[in-house]
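This structure is a prediction, so every number in the text was calculated from the model and none was measured. Note that these values count all heavy atoms, side chains included, but never hydrogens, waters or copies made by symmetry.
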Amino acid sequence: MTKHYYILYFLTVLLFSSCATKQEKPTSTNSNWPDITNTTKPWTRWWWMGSAVDKPNIKQNLIDLHRVGIGGVEIAPIYGVKDEEDNFIDYLSPKWMEMLDYTIHITDSLNMQVDLTLGTGWPYGGPQVIPEFAATKLISQTYTVKKGNTINLDIAVTSLKEKQPAKLLYVLAYDESGNYLDLTPLLKNNNLNWSPTDSNYTIYAIFEGKTGQKVKRAAPGGSGFTLDHYATEALNAYVKPFDTALVGFNGKIRSIFNDSFEVYGTDFTPNFFKTFKDLRGYDLKPFLPQLLKEENDTIGNRIKSDYRETLSDLLLNNFDAPWTEWAHSKNFKSRLQAHGSPGNLIDLYASADIPECETFGSMPYDIPGLRRDKNDIRTGDADPVMLKFSSSAAHISGKTLTSSETFTWLRDHFKVALSQCKPEVEDLFLNGVNHVFLHGTTYSPKRADWPGWKFYASTNFNPNLTIGEDESELFSYIANCQSMLQAGTPDNETLLYWPIYDVWDDYLKGTLFFQFKIHSLDEWLHNTPFYNTTTSLMDKGYAVDFISDNFIEKTTFSDGKIRVPGGSYKSLVIPHCDNMPLKTLEKLLDLKQQGASIIFENRPKSVPGYNNLETQNEALANLTKNITPTENLFSDLNKATIAPETLVKTGLKYIKRDLNGEKIYYLVNHTANSISTFIPINVEGKDVILFDPLTRDFGKALTKTENGKTLVKVNIAPGKSYFLKTETQSTVKDWDYFSAESTAQPLTGPWHISFKNGGPELPNPITLDTLKSWTALGKTYEDFSGTAKYEITFDNPDNSVTHWQLQLGDVRESAKVWLNDTLVGSTWSLPFTLNIGTLKKGKNMLRIEVTNLSANRIRAKELRGEEWKNFYEINMVDKDYQKFDATKWQPMPSGLLGPITLTPLKLITHEK
């Protein structure tokens, strides 16, 4: 590297570090907004394809991400790009570690941070995973032998589908009365020679098998078997290469990451039978016929429940908790996606420093103009109740951040608009997420032809795509929201018990290994009493967090509050449940006796599992005599001084936080109608400051008091959001409320359109009298993705109007607006309006720079036969995981489709 290059490099870093400082220190006019920091900014998953990275491109990629407002990157090494093999870097090799060190150096200079996936692809696994520590499963085979006959055979796995070696553990014989004999000592080199003399027998051979699963989408140097997630010995062996490679990195990485549990069919681990006996209190071997029975059977289901609970305990105590402890030993945090795990999601999420949920696909909203084209979407599963598992775990365990893998498959590739991202991320915020991770961004070098390197399943936010033109506006909105949502503490007053034993006690198609997946909520969450109670409470405006049996055990009661490690609550609701551990019930009744508000919707009917069933059920029955189920849940919550936020009756969604006794409300309108009214909040005698996270404007709201509540004047259009913050006495300026003074006035042509940047080539300028999609103007326009400049000169319709609102109508997809050569703002989300202030007398000039999506350019590229999908493994697929083929697409409408109007606004003064 030359001396001049070093000088240029440090000047560049200094420039962008200066920009970061300016962003993170609000100006005096915005002094009431919390600071923007690298944690309040959105982060992104950053795929390293083949780890074919180099220092100049690492630096430029990071500068580009910093420029648009990204606060940190999670390095995720995956498979590579074809014809780049000479540039592949083996995972954890000295060269790879040099690239990691350089990345941290650059992020430090840009005031960014780095998270690291502890492996390549997913799930955890790799070359260090020897067969002994690979993901394991239970294999059973049965044989029958009649009384007086002899069985003489070599016991071995005979199924042709089993490709991995299996270890014979036990040979157990069961007679027709259910008695069993352990024949294992009779084995000689796995040969059994035995003649029953007293009965007919069914013989079960039990093997420790291997799933054979390997790391999915592995990067060079990262291939290998998936790890056994139930054995601490396996985890300890797995992290040994990291102990060596990460010497000198202590504290330099913010956190290590573990993706959703996608280890399939792993229902066993060495020493499982011993662990089961230790944890569940009885020997499993006599009950194998009931455990493995394919019919729905009450006793069999109880034993299966014990088996499933044991897997949960093993995952929590032998992997997730020690994994976090290992991270802490390096001065790292841990970040975990627990969904998909065969265990109690609340406890598993809470074992990490940063619990992380994810959303997948596109959700429906009533917001007028929000497109949900059937051919482009993948139906979403962002269920609010599912999302709250992660945030509840954070809240009750005292973790300040809840993160999310965000925007995965929101639409098909290159078809995602910023306006479509906004309501999706708002639903995450409304359910407790306050640390968004984009899914995501792919490292792409300058040598890569457009569109660059791309990951197969995501919304790609790479700056070289047209979505990058205005993506900083979305990221600024996210940062503004997260600066509020990371302030203070959660302000949920009600705990809700999750009766997981009711799920574990179900037959569940006989599977021992049941995963709590986000993509199969109908199997374990929807239409359960827990789900119905949760939605009923939320629909009425109650703010709830979920709690597990383990956290109930940690609960105390003092000063009228139910206290958990992360905070305090006023009440704990037990929804209808059939099964409850005796110690959980004892703890709840003890809390109730101390004065805690514990509300039962019914009396539990039984303890879960099989051990000492009759004795425990007798004890439980005696205890439940002391329970009077609620006749009206909401009346009982009122007795606990918990009032719902009745603002939800307007259709608004909300979440609130407590900041040193003051309240912060986040309000979102996902309805089809504007909400312009006074809304009640459960606060009395306070001023209220209204904040707009799109613009960072703020001011004192118009308020009044009725029946012990503060009523706040809001005017929230569909698709808009605001924050409310209470203050004892505020001196900030009044919030400006506007109303339409008369009907909207159209802006009619001629419109002069020129094309500013983009490709594959810039179309010629054109003039239109009537706005329409530029794709209708000819082949060059149809193929174009980029930015077009629209200009119009018009007369001031009314010189007496001092406030005008510009409505851009149907925008495809984002726009920046100048009035008389002064930038008045950007609009990238519905309802695509800007308050532009006063017009000049006479002639005015409006300039609007509109950017469409990259879909049309990709379509044109493929229609020309230009191949760009040159990736290993899955290569590129569409939203349905079929071969990606943009030639099938129709051109996406682009530009300003109108109508564009000006509406005179009247400023409503506050009554004094």
Side-chain angles (χ1 to χ4, degrees), residues 19 22-23 27 29-30 67-69 417-419 466-477 692 694-697 736 738 744-758 762-774 784-799 801-853 894-905:
C19 292
K22 291 176 182 177
Q23 281 186 354
T27 63
T29 59
N30 288 336
R67 183 185 290 118
V68 296
L418 298 172
S419 61
T466 52
I467 196 173
E469 177 67 27
D470 292 306
E471 65 185 3
S472 61
E473 298 295 328
L474 168 65
F475 301 159
S476 174
Y477 174 75
D692 184 346
L694 271 179
T695 63
R696 289 184 70 88
D697 289 341
D736 289 337
F738 294 97
Q745 303 183 34
L747 276 181
T748 56
W751 291 90
H752 302 286
I753 308 172
S754 57
F755 293 84
K756 184 179 177 183
N757 53 59
L762 294 181
N764 292 325
I766 195 168
T767 298
L768 295 177
D769 290 327
T770 303
L771 291 172
K772 58 183 175 181
S773 170
W774 73 54
F784 177 74
S785 292
T787 301
K789 180 169 62 177
Y790 288 68
E791 294 178 297
I792 189 172
T793 301
F794 63 96
D795 290 321
N796 186 337
D798 187 340
N799 290 327
V801 174
T802 56
H803 297 281
W804 290 94
Q805 183 183 80
L806 176 68
Q807 167 59 259
L808 294 183
D810 192 355
V811 179
R812 304 295 181 98
E813 299 291 341
S814 58
K816 299 182 182 73
V817 178
W818 286 259
L819 177 64
N820 300 319
D821 292 324
T822 298
L823 179 66
V824 294
S826 298
T827 179
W828 54 273
S829 62
L830 291 161
F832 290 109
T833 59
L834 285 172
N835 288 2
I836 60 174
T838 305
L839 299 176
K840 294 193 306 184
K841 293 182 179 180
K843 298 291 183 182
N844 287 262
M845 195 273 284
L846 189 67
R847 183 169 89 247
I848 307 170
E849 293 187 359
V850 184
T851 304
N852 71 341
L853 300 178
S894 301
L896 293 177
L897 278 57
I900 297 181
T901 61
L902 285 170
T903 302
L905 300 178

**Message:** For the residue pair S419 / S829, report whether a side-chain donor-acceptor contact shorter than 3.5 Å exists.
**Reply:**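 Distance-only check fails for S829 and S419.
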**Request:** Report the C-alpha distance between T767 and I753 in whole Å, list the side-chain angles of each, state the deciding distance to 0.1 Å, and finish with yes or no for side-chain contact (heavy atoms from CB on, under 4.5 Å).
**Result:** CA-CA 6 Å; T767 298; I753 308 172; over 6 Å; no
**Candidate pair F738 and N835, rule side-chain contact (heavy atoms from CB on, under 4.5 Å), full reasoning** = CA-CA 10 Å; F738 294 97; N835 288 2; 3.8 Å; yes
Which atom of [X] lies closest to which atom of [Y], heavy atoms considered:
X: K840; Y: N799; answer: O-OD1, 4.3 Å
X: S814; Y: D470; answer: OG-OD2, 2.5 Å
X: G786; Y: W774; answer: O-CH2, 3.9 Å
X: D810; Y: R812; answer: OD1-NE, 2.9 Å
X: L762; Y: G758; answer: CD2-N, 3.9 Å
X: T748; Y: I792; answer: O-CD1, 3.0 Å

**Asked** Is any side-chain heavy atom of F794 less than 4.5 Å from a side-chain heavy atom of L839?
**Response**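 A side-chain contact exists here, since the closest heavy-atom pair is under 4.5 Å.
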**Message:** Any heavy-atom pair between the side chains of N844 and W804 that's under 4.5 Å?
**Reply:**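 Not in contact.
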Atom [atom1] of [X] and atom [atom2] of [Y]: how far apart are they, to the nearest 0.5 Å?
X: I836; Y: L846; atom1: CD1; atom2: CG; answer: 6.5 Å
X: S472; Y: Y477; atom1: OG; atom2: OH; answer: 15.5 Å
X: E469; Y: W828; atom1: CD; atom2: CH2; answer: 15.0 Å
X: E791; Y: W818; atom1: CD; atom2: CH2; answer: 10.5 Å
X: L808; Y: F832; atom1: CG; atom2: CZ; answer: 8.0 Å
X: D795; Y: K841; atom1: CG; atom2: NZ; answer: 14.0 Å

**Message:** As a quick check of understanding, evaluate side-chain contact (heavy atoms from CB on, under 4.5 Å) for T827 and T833, giving each step before the final call.
**Reply:** CA-CA 7 Å; T827 179; T833 59; over 6 Å; no
**Request:** Return yes if some donor-acceptor pair links the side-chain N/O of N796 with the main-chain N/O of D798 below 3.5 Å, else return no.
**Result:**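 Here the side-chain-to-backbone pair exists.
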**Prompt:** Is the side chain of T838 donor-acceptor paired with the backbone N or O of T802 at a distance under 3.5 Å, no angle test?
**Reply:**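 Side chain of T838 to backbone of T802, a donor-acceptor pair under 3.5 Å: yes, one is there.
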Anything under 3.5 Å between a donor and an acceptor, one on a side chain of residues 894-902, the other on a protein residue two or more places apart or in another chain? List them.
{"unit_1": "S894", "atom_1": "OG", "unit_2": "N852", "atom_2": "ND2", "d": "3.0"}
{"unit_1": "S894", "atom_1": "OG", "unit_2": "N856", "atom_2": "ND2", "d": "3.3"}
{"unit_1": "S894", "atom_1": "OG", "unit_2": "M892", "atom_2": "O", "d": "2.9"}

**Intermediate values then yes/no, side-chain contact (heavy atoms from CB on, under 4.5 Å), L806 and T903** = CA-CA 7 Å; L806 176 68; T903 302; over 6 Å; no
**Message:** My understanding is that only residues two or more places apart in sequence, or in another chain, count here; which of them pass side chain to side chain contact (heavy atoms under 4.5 Å, CB included) with D821?
**Reply:**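 By the side chain to side chain contact (heavy atoms under 4.5 Å, CB included) rule, D821 matches M845, R847.
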